[in-house]
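Ligands are counted one by one from 1 in listed order, and the atoms in each one are counted from 1 as well.
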Amino acid sequence: MEPIVAGNWKMNKEPGESRALVQRLMELVGDYKDRLVILIPPFTSLPSIGELVRNSRMKLGGQNMHWERSGAYTGEISGFFLKAVGCEYVVIGHSERRHIMGETDDMINRKLRLALEIGLIPIFCIGETEKERESGKTETVIARQIKEGLKDIENEAHKIVFAYEPVWAIGTGKTATPRQAAEMHQYIRGMIKKPSTILYGGSVKPENIDSLMKQEEIQGVLVGGASLKPESFTRIIRFE
Ligand code: PGA
């Protein structure tokens with residue numbers, strides 16, 4: 001499969017800015033072959049971006065979804081709504097949701113199950129904090145996140161895109177070295193057994209994309225900050 005370059009805009013870009021960014025991206029790399037580009041804008045931009053990319057090679061993803069199909073969950077978004085506006089992907093368990101919004105492995109497991117049930121491809125994020133790495137707990141934490149996250153759906157791991165995102169590398173400018181990332185990817189692959197796509201995320205930028213993508217273990221990237229500017233995101237898509 002072609003390498004994935006996913007851009008998570010987080011809580012940035014109101015609908016007008018989102019459109020402008022995508023229009024520019026389409027001029028620069030709209031029909032770029034050999035890469036699967038996934039745009040993950042805020043919910044309010046999804047309908048209009050969905051229209052823009054409908055006949056292009058770019059794909060659309062949501063940043064989160066609820067574990068129930070519908071109901072009294074004020075402020076939440078149903079996976080069905082994401083599908084209705086053209087999403088094929090959904091990010092689940094992003095570290096900002098785990099650490100700022102208090103999402104637990106159990107909530108993440110329920111979200112993963114529903115996403116698979118309704119035909120959304122989850123981009124399942126896992127990663128250790130700086131403190132956990134320093135105290136030698138990286139593998140224990142990753143193992144727990146995978147085990148709990150995949151509870152009762154272990155056999156469907158091949159339908160999930162994994163994203164290894166060390167928390168200490170997200171938005172900090174500190175990137176895992178290609179070797180550190182490759183080592184963890186190998187560990188994750190060993191745990192999930194089935195062949196799955198594993199992305200790296202955490203301060204991916206034009207300066208480090210080429211060396212990251214040279215690692216055989218890394219099948220793509222999940223980009224935050226550097227996906228907000230058309231020039232830097234384009235350079236990442238065109239990695240060498
Ligand atoms: P960053 O974010 O590229 O800004 O570090 C990555 C992510 O949170 O997915």
Side-chain angles (χ1 to χ4, degrees), residues 3-13 17-18 21 25 35-43 45-46 49 58-65 82 87 89-103 108 111-112 115 120-130 132-133 138 141-142 145-146 149 160-178 180-181 184-185 188 196-213 215 218-239:
I4 292 179
V5 179
N8 168 17
W9 303 353
K10 309 190 179 183
M11 199 172 73
N12 295 293
K13 306 277 177 198
E17 294 166 336
S18 294
L21 174 54
L25 279 175
R35 304 284 187 270
L36 181 62
V37 176
I38 308 171
L39 303 174
I40 310 173
F43 294 137
S45 298
L46 285 171
I49 303 303
M58 294 188 180
K59 307 280 185 194
L60 196 64
Q63 295 182 9
N64 178 35
M65 59 173 255
L82 298 180
C87 288
Y89 293 82
V90 60
V91 175
I92 294 191
H94 189 276
S95 79
E96 284 144 22
R97 301 224 43 102
R98 290 178 189 264
H99 297 289
I100 307 173
M101 313 308 291
E103 275 189 20
I108 291 164
K111 291 179 183 204
L112 285 170
L120 279 166
I121 302 172
I123 301 179
F124 171 33
C125 301
I126 49 186
E128 80 287 1
T129 62
E130 185 154 40
E132 288 161 345
R133 178 164 278 261
T138 301
V141 170
I142 298 291
Q145 290 174 340
I146 294 179
I160 295 175
V161 174
F162 292 77
Y164 170 59
E165 299 205 295
V167 180
W168 48 271
I170 295 180
T172 57
K174 278 198 258 176
T175 322
T177 62
Q180 275 174 326
M184 284 317 297
H185 281 223
I188 294 163
S196 303
T197 305
I198 310 177
L199 313 181
Y200 168 78
S203 297
V204 173
K205 43 197 170 200
E207 296 77 34
N208 57 29
I209 183 67
D210 298 339
S211 54
L212 285 166
M213 290 308 300
Q215 305 292 317
I218 301 180
Q219 283 96 39
V221 283
L222 180 52
V223 188
S227 70
L228 296 171
K229 293 215 176 77
E231 298 74 24
S232 51
F233 196 46
T234 297
R235 174 62 184 85
I236 292 171
I237 294 169
R238 291 180 186 276
F239 71 80

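- For the pair Ser203 and ligand 1, a heavy-atom separation below 4.0 Å is found.
- Distances from ligand 1 to the non-hydrogen atoms of Ala169 include at least one value under 4.0 Å.
- Heavy-atom contacts of Gly171 reach the following atoms of ligand 1: 1 (P), 4 (O), 5 (O) (cutoff under 4.0 Å).
- Minimum heavy-atom separation, Pro166 to Gly201: CD-O, 3.4 Å.
- Of all atoms in ligand 1, listed by their number and element, those nearer than 4.0 Å to a heavy atom of Leu222 are 9 (O).
- Shown here are the ring-ring contact (aromatic ring centres under 6.0 Å, His included) partners of Phe124, two or more places apart in sequence or in another chain: Phe162.
- Between Cys87 and Leu120 the shortest side-chain heavy-atom distance falls below 4.5 Å.
- Here the closest heavy-atom approach between residue Ser203 and residue Thr172 is recorded as OG-N, 3.5 Å.
- Below 4.0 Å from some heavy atom of Gly202 lie the following atoms of ligand 1, by number and element: 5 (O).
- Considering Gly201, Cys125, Gly224 only, the shortest heavy-atom separation from atom 6 (C) of ligand 1 involves Gly224.
- With contacts defined as side-chain heavy-atom distances shorter than 4.5 Å, the pair Val221/Phe239 does not qualify.
- Atom 4 (O) of ligand 1 has its closest protein heavy atom at Gly225 N, 2.8 Å.
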Does the pair Phe43 and Leu82 meet the rule for a side-chain contact (heavy atoms from CB on, under 4.5 Å), with working shown? CA-CA 8 Å; Phe43 294 137; Leu82 298 180; 3.8 Å; yes

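- Here the heavy atom of the protein found nearest to atom 2 (O) of ligand 1 is Lys10 NZ, 3.2 Å.
- Within the structure, ligand 1 lacks Lys205 among the residues with a heavy atom less than 4.0 angstrom away.
- Closest heavy-atom contact between Gly61 and Ile38: N-CG2, 4.1 Å.
- At the top of the distance list for atom 9 (O) of ligand 1, counting protein heavy atoms only, stands Glu165 OE2, 2.6 Å.
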